[in-house]
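Have a look at the structure below, then the notes.
Just so you know, ligand 1 is whichever comes first in the structure, and atom 1 is the first atom listed for that ligand.
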Amino acid sequence: MAARRILLLAAALTGVALAHYAAPLPLNTVAPAKAQFGLPFAGPPGPDTWMLGQGYGNTTGAYRQRRSTYGNLQGIHAGLDFSAPCGTPVRAIGDGVVAEVDGPHGSPPHNVVVDHAGNLSSLYGHLRVRSSVRVGQKVTRGHVIGESGDSQGTCVSAPHLHLELRDRSHQRFFNPLPFIAADWNSLALAGSFGRGYEYDLERPRRWQTPDSQPAALRGGALLNEYRQPWPPAPGGAR
Ligand SMILES: [Zn+2]
C-alpha cells in the first residue's frame, strides 16, 4: 500500500510539473541546424548599424544571474544579443507565420514570435514598440517584423535585439549560430562577443567558444553551478 501511495504522490507531483511546463518536443521532430536562416538585420555590421553583443550560452552575465533572471533557463543566456540603435528594422530570419505579438515568452517591452518549418520558432525581444504584424500573418525571410529597442526602455542604456531560437513548444532553446548563415568568425572580431563566457576551472575549456554552447531546457537544473568559477561572482558569492 505504501508503494501505491508513493506512486499516486509521484503522479500528482508530475501533474503539477506538467501544469507549469509543457513537454518539450522530441528532438527528432525538430529540424537540425543547417544554416537555414538569415540574420535579423539587413546591411553590413558596424558601430552605427548593428554588432554582436552578448553571446548565446554560458556568458558571465548569465552566470551572475543564474539563480534569478536565468534560473529557469539552466543559467544560460538563451538568446543572441545584437547591439543596434533603437528603431533599427528587425527582420524575420526565415519564412514562417507570426505566432505571437507581445505574447508571454519574455524579452519586454515588446516581442514577436515567428513559427518556422521543422518545429522551430524565433523570438525577437526588447522591441521598441508593439509590432504592426498580426498573429497568423505569413512572413518571408527578411520581412520587417518590428523595430529594435532597449531592454531598459531608455534607448541609451542597453539598446539591442535579443534573438532566440526555440522549439515550438517553447521549452528548448538552441544556440542560433549554426542555424543562421553568417560569417560568424568575422562578426566575432568586433565587440565583446565570444570573450565573455564563464569559466568552470574544473573543466576550463568547456563552453568557451561561440559555437560550443549548450542547448537549454526550461526548468532544467542549472548547468553552471560551478565550484570554481571564473570570474568569481561579485561579493564572493558563488
Ligand atoms: Zn539577450
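No other N/O/S atom of His162 lies as close to the Zn ion (ligand 1) as ND1 does. Looking only at its N/O/S atoms, Asp81 has OD1 as the one nearest to the Zn ion (ligand 1).
For His126 and His110, the gap between ring centers reaches or exceeds 6.0 Å.
Proximity of Gln208 to Arg203: side-chain heavy atoms (C-beta onward) are nowhere separated by under 4.5 Å. Put simply, the side chain of Gln74 does not reach to within 4.5 Å of the side chain of Leu222, judged on heavy atoms.
Checking His126 against the Zn ion (ligand 1), every N/O/S atom stays at or beyond the 2.8 Å cut-off. None of the N, O or S atoms belonging to His160 lies under 2.8 Å away from the Zn ion (ligand 1).
Residues Asp167 and Ser121 have side chains that never bring a donor and an acceptor to within less than 3.5 angstrom of each other.
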